[in-house]
Student: 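Input: one structure, supplied below.
From a predicted model like this one, the values you see are computed outputs, not experimental measurements. Here, residue 1 is the first one in the sequence, and each next residue gets the next number. Excluded from the calculations below are hydrogen atoms, water molecules and symmetry mates; all remaining heavy atoms, backbone and side chain alike, are included.
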Amino acid sequence: PLKFNPVNKVERLQTGSGIRFYGQGIVFSHEPLLIQHTISRNTAVTIEFLVRPDKEILGMVASILTLYDGNREQVIFGQWKKALIIRIPAARAVHHARYREIGVENVLGKDTPHLITVMSNRETTAIYIDGKLAKRSRLFSLIPKDRRLSGQLVLGNSPEGTNPWNGTFLGVAVYDDMLTSQEIRDHFHAWQKHGQPLVSNEHADSQSDKPTRLRAAKPVALYLFDEHNKDKIRDQARAHNDLLIPATFKPLRRTSLGMPERDQWFSRANLKDVATNIIGFVPWGFFFPAWLRRVKNLPAPCVYGVTLLIGACLSLAIELIQVYLPARDSSLMDVFSNILGTALGVFIFKYALPVVHKVKGDSQLIL
C-alpha cells in the first residue's frame, strides 16, 4: 500500500480469450467513447459484456464497467454480493444520494460466466441475463437528459481506483441502438459458440450454424480480448478506440479527503475501517500527553489541546500523502476517526488511569 507505482493487477488468460482482474487493477479506453452522435427522443444504447466473477463482493459496490466523462461517472455497472447493480447520477435536487440505482439479485455467481445485456432509451431500461429478460425499469435511463452519452470506458475498477472488481472479462460490445429480443438471444448463442456477438449483416442462426440475414446493429465499440498484446486491447469496431492496460496501477482520478457513499456509512467494511482508525490513534492520545507532562511540565488543558491538535495535523498529513499512493484512498472520515481515537486516548489518560492508580493504592499519579 505504500508503493507509489504498484503493479496493475490485470493479466491475460493463458488459454482462451479474456483478461482477469485479480486485485487492484484498471483498464480504460484511450479516448472518450462517443455513443450518441445526436440528441433526440429516439436515442438509445445497448451495452453487453460477458464476465466471470472470481468471488462475491462484500462491503462495497465493485465497479465492473464504468462510463466516465472526466468529471464523474455517467453509468456504473457494479457487483454487490451476487447482485448486478446499475447506477446513474442522481438529479441535483436529490441531496440524500449521489446515485440512482436498479439491480438484479443472484446473477453474478462465483466462477460462472454470464452475458449481461442492458438496453436503454429515454424512458426505460431493460436488463437481460444470458439472453433472457431479468428486469425492466421505467423512468430509469442510462442516457442523460440534456446531453449525449459519452466518456472513457473503464473496466475492473472505479476511476478513483477505490472499487476494484475481481473476475474475468471475456467480451464487451456497445451499440448506439436497441437490439430486439431475438437479437439478444442470438447474440447470447453467438458469444457461447464463437466468443463474439453478431456484428455484421450475417449471423449464425440460434438453431444452426448457417448464416442468415438480419438487420444487425453495428457496435460503436467491440472488445474480444483475443490478442496477446500486454499493453492494449484492440477495438474491433469502427471507432478503433483501444483499451489501455497500464503496467502500473494509475487511477484516472484521485479524490482528496473524500467521504464514503451515505448508503455505505454503516456497512461492515466502513465500520471496520472507522474502528481501526480510532484504535490506531488511541496510543497517541494516551502516551503523548504523558510525555508532555513529564518532560515539559505543561498545564493539563494545554497538554490535551496540543495532543489533539498534533493528532489532527498528523492524520491530515497522512491522508494528503495517500492522494499520491494509487493503492490507497484519501478519506476525511479517517481524519475524523483519528481525532476521535486521539480524544479517546486523552480521556483514558485523564480519567481512567487515575482510577487504576487509586484502586492499586498508588499515590504517585502522573496527573
Student: Do other residues, nucleotides or ligands put more than 12 heavy atoms under 6.0 Å from the CH2 atom of Trp80?
Tutor: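 At most 12 heavy atoms, drawn from other residues, nucleotides or ligands, come within 6.0 Å of this atom.
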Student: Could you see if Tyr99 belongs to whatever hydrophobic cluster contains Val75? Use Ile, Leu, Val, Met, Phe, Trp, Tyr and a side-chain cutoff under 4.5 Å.
Tutor: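 Result: no, two separate clusters.
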Student: Decide whether Asn338 and Ser315 meet the rule of one side-chain donor and one side-chain acceptor closer than 3.5 Å.
Tutor: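 There is such a pair between these side chains.
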Student: Tell me whether the rings of Phe169 and Phe225 are parallel (<30°), tilted (30 to 60°) or perpendicular (>60°).
Tutor: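 Tilted.
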Student: Taking Glu11 first and then Arg20, would you say they form a salt bridge - that is, a charged N and a carboxylate O separated by under 4.0 Å?
Tutor: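 Answer for the salt bridge query: yes.
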Student: In terms of side-chain heavy atoms, does Ser120 have a donor or acceptor partner in Thr125 at a distance below 3.5 Å?
Tutor: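 Judged by distance alone, the side chains do pair up.
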Student: Salt bridge or not between Asp242 and Lys232? Use side-chain N to carboxylate O under 4.0 Å.
Tutor: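 A salt bridge is present here (some side-chain N lies under 4.0 Å from a carboxylate O).
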Student: Stepwise, does the ring-ring contact (aromatic ring centres under 6.0 Å, His included) test hold for Tyr175 with His187?
Tutor: CA-CA 13 Å; Tyr175 308 87; His187 278 217; 5.8 Å; yes
Student: Scan Ile26, Thr248, Asn157 and name whichever one has a side chain to side chain contact (heavy atoms under 4.5 Å, CB included) with Asn8.
Tutor: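 One option only clears the test, and that one is Ile26.
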Student: Take the angle between the ring planes of Phe77 and Phe49 and call it parallel below 30°, perpendicular above 60°, tilted in between.
Tutor: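 Geometry flag for Phe49 against Phe77: perpendicular rings.
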Student: Quick one: do Glu227 and Arg12 make a salt bridge, cutoff under 4.0 Å?
Tutor: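 A salt bridge links Glu227 with Arg12.
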Student: Look up atom OG in Ser337 and atom CG in Leu344, then write down how far apart they are to the nearest 0.5 Å.
Tutor: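 Result: 12.0 Å between the selected atoms.
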Student: Ignoring hydrogens and geometry beyond distance, is a side-chain donor-acceptor pair present between Glu31 and Asn241 at under 3.5 Å?
Tutor: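 Looking only at side-chain atoms, Asn241 and Glu31 do not form any donor-acceptor pair under 3.5 Å.
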Student: Taking the side chain as C-beta and beyond, is there a heavy-atom pair between Leu222 and Val172 under 4.5 Å?
Tutor: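 Side-chain contact under 4.5 Å: no.
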Student: Can Tyr223 be reached from Val154 by stepping across I, L, V, M, F, W or Y side chains whose heavy atoms are under 4.5 Å apart?
Tutor: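 Not linked; separate clusters.
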Student: Do Asp235 and His240 meet the criterion of a side-chain donor-acceptor pair at a distance under 3.5 Å?
Tutor: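 No pair is found: no donor N or O on one side chain lies under 3.5 Å from an acceptor on the other.
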Student: Check whether any side-chain heavy atom of Pro89 sits under 4.5 Å from a side-chain heavy atom of Arg98, and report yes or no.
Tutor: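 No - every pair of side-chain heavy atoms lies 4.5 Å or more apart.
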Student: Distance only, no hydrogens: is a donor on one side chain within 3.5 Å (strictly under) of an acceptor on the other, for Gln196 and Trp191?
Tutor: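 Absent: no donor and acceptor within the cut-off.
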Student: How many angstroms lie between OG1 in Thr46 and CD in Glu183, if you round to the nearest 0.5 Å?
Tutor: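 Nearest 0.5 Å value for the OG1-CD distance: 8.5 Å.
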Student: Does atom CZ of Phe336 have more than 12 heavy-atom neighbours from other groups under 6.0 Å away?
Tutor: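 Counting neighbours around CZ of Phe336, 12 or fewer heavy atoms of other residues, nucleotides or ligands fall under 6.0 Å, so no.
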Student: How many angstroms lie between CG in Asn166 and CZ in Arg52, if you round to the nearest 0.5 Å?
Tutor: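 The CG atom of Asn166 sits 13.0 Å away from the CZ atom of Arg52.
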Student: Which residue is it: Asn277, Thr276, Asn270? I am looking for the one with a side chain to side chain contact (heavy atoms under 4.5 Å, CB included) to Val274.
Tutor: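 Among the candidates, only Asn270 passes.
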Student: Checking Asp226 against Gln236: is there a side-chain donor and acceptor pair closer than 3.5 Å?
Tutor: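 Yes, because at least one side-chain N or O of Gln236 sits under 3.5 Å from a partner of the opposite role on Asp226.
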